Amino acid sequence: DPAKTNPAELVFPAGFGWGASTSAYQIEGAAAEDGRGPSVWDVFSHEQGRTRDGDTGDVAADHYHRFAEDLDIMKDLGLTSYRFSISWSRILPTGRGTPNTKGLDFYHKLVDGLLTRGIAPVATLFHWDTPQALQEIGGWEHRDCAKRFADYAATMFAALGDKVPTWLTLNEPKTVVDVGYTAGVHAPGKRDRQLANVVGHHLLLGHGLAVQALRGTTAEGRIGPALSLSPTYPADESDAARRQATVADAEENRRWLDPVLLGRYPEDWLATQPADAPLRAAIKDGDLAVIGAKNDLVGVNYYGPTHVTGTGSRVMKHPTSQATWQEVDPDGLFDLLTRIKRDYGDIPLIITENGMPTKNATQDQDRITFLHDHLVAAHRAIQAGVRLETYHLWSLLDNFEWAEGYSQRWGIIHVDYKTQQRTRKASADWYQTVIARNGVSSHRT
Ligand code: GBH
């Protein structure tokens, strides 16, 4: 009975990275400042009825102006890693052409500020904010966008390659495909499953070309994707549910991991694509070699598991968070991490996102419990031989939660959107002690 065992200190390996994660459009604000061009999210969030209360990222957490204060907050917490994303349209306002010096300056200052404070920068090149100018000529629907993305990536490698040790190409291509192009709930708000799969392929191609671009420079940084992954389980004992869990596993995980790590789409997933599916024509000879070129690491965004019934419906077997899509199950993280090792080998892993939303208050015991339990699971995975190097919680700050606007608060730092005042939540104090002792207790406290 684990409840009766004495609490033990679960110590993480020396040098384990303790981080927090954010993304550009969700925190920066300054949407039209210093030459930044609009992205699909600027346009989408300003359309009627797209986001809760019509919220936009125009100001967000005003991080563009307050980054120095935010860097000090990170330093006080003791973070050793910080994952942020670069706004493509801040660097290339029309998606291509001459880089905007003021945009580059901002990320130079941010990265320098991290390095001065002993915090390792982890830079994501694309967190869903495609330049609107590219969207107007088809965006990721066109193969050309993958090349544009690689050119932008090369611009960033040239600018920051000697300072940034870890690069992430795409954040959650799956979400762009499923929510941006199938459900239509995220930018660009389209509902076309066939087109979505083409977009998914072009995103993967962009990933591969960006990896190639880094290899072509003298930059020593490591690179990989940040994938949203979810272990899938049958909701009951039936054979039908077991079969549907395999189908869901292809959609949730293998569809993204196999191309990137094995250089092929999963056979069972590809078989679901009709002979005349536009995806089939979009896959050109040689694409999968580009997509499957060696990665240095994989970023894992873990929010919860997926349970599937015999008819393929998705059901919740654990309580959800305030985000109704989020089933909370820390053991799923252990299963996911050990599964990646088993099926894809010993590639280094970093957790790029993990967290939950809580009510608008600084006493967030529920978040502490969530983070604690997931860190216990991560520790167990390390004990089982998983090469997990770094943990980034989502998120450092309350921020613009996409279609949910500012109504969902995911930060360990509270943001008052009227005054932009930052206040530490109880979880921030707790995380600081975790970092200081490089471990967590085996039991909740
Ligand atoms: C991450 O996505 C994102 O990378 C990050 O930017 C975001 O802030 C964070 O999670 C918290 O949500 O509303 O029913 O259409 C996590 C994966 C995929 C989960 C899209 C929510 C929308 C479900 N997300 N999904 S629904």
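Atoms within each ligand, like the ligands themselves, are counted from 1 in listed order. In this text the structure is predicted, and so the values were computed from the model without any measurement.
At a heavy-atom distance under 4.0 Å, only side-chain atoms of E172, from C-beta outward, approach ligand 1. Residue contacts with ligand 1, taken as heavy atom pairs separated by less than 4.0 Å, involve N171 solely via side-chain atoms from C-beta onward.
Among all protein heavy atoms, the one lying closest to atom 15 (O) of ligand 1 is V179 CG1, 4.2 Å.
Between R422 and D72 there is no salt bridge, since none of the side-chain N atoms of the basic residue sits less than 4.0 Å from a carboxylate O of the acidic one. Residues D331 and R380 are paired through a salt bridge, judged by an N-O separation under 4.0 Å between the basic side chain and the carboxylate.
We find the CZ-OG distance between R36 and S87 to be 4.0 Å, quoted to the nearest 0.5 Å.
Polar contact check, W325 against ligand 1: no nitrogen or oxygen pair lies under 3.5 Å apart. Considering backbone and side-chain N/O of W394, one or more are found under 3.5 Å from N/O of ligand 1. Note: an N/O pair closer than 3.5 Å links Y303 and ligand 1 by distance alone.
For the residue pair T169/H207, the side-chain donor-acceptor check at 3.5 Å is satisfied. For S230 and T306, the side-chain atoms include at least one donor-acceptor pair closer than 3.5 Å. Side-chain N/O atoms of D249 and T246 include no donor and acceptor closer than 3.5 Å. Checked by atom type, the side-chain pair W128/T175 shows no donor-acceptor distance below 3.5 Å.
Taking only non-hydrogen atoms, the option from K174, H127, H186, E401 nearest to atom 7 (C) of ligand 1 is E401. Of the candidates E404, Q326, E353, Q408, the one placing a heavy atom closest to atom 3 (C) of ligand 1 is E353.
For ligand 1, the atoms closer than 4.0 angstrom to any heavy atom of T175 are 18 (C), 20 (C).
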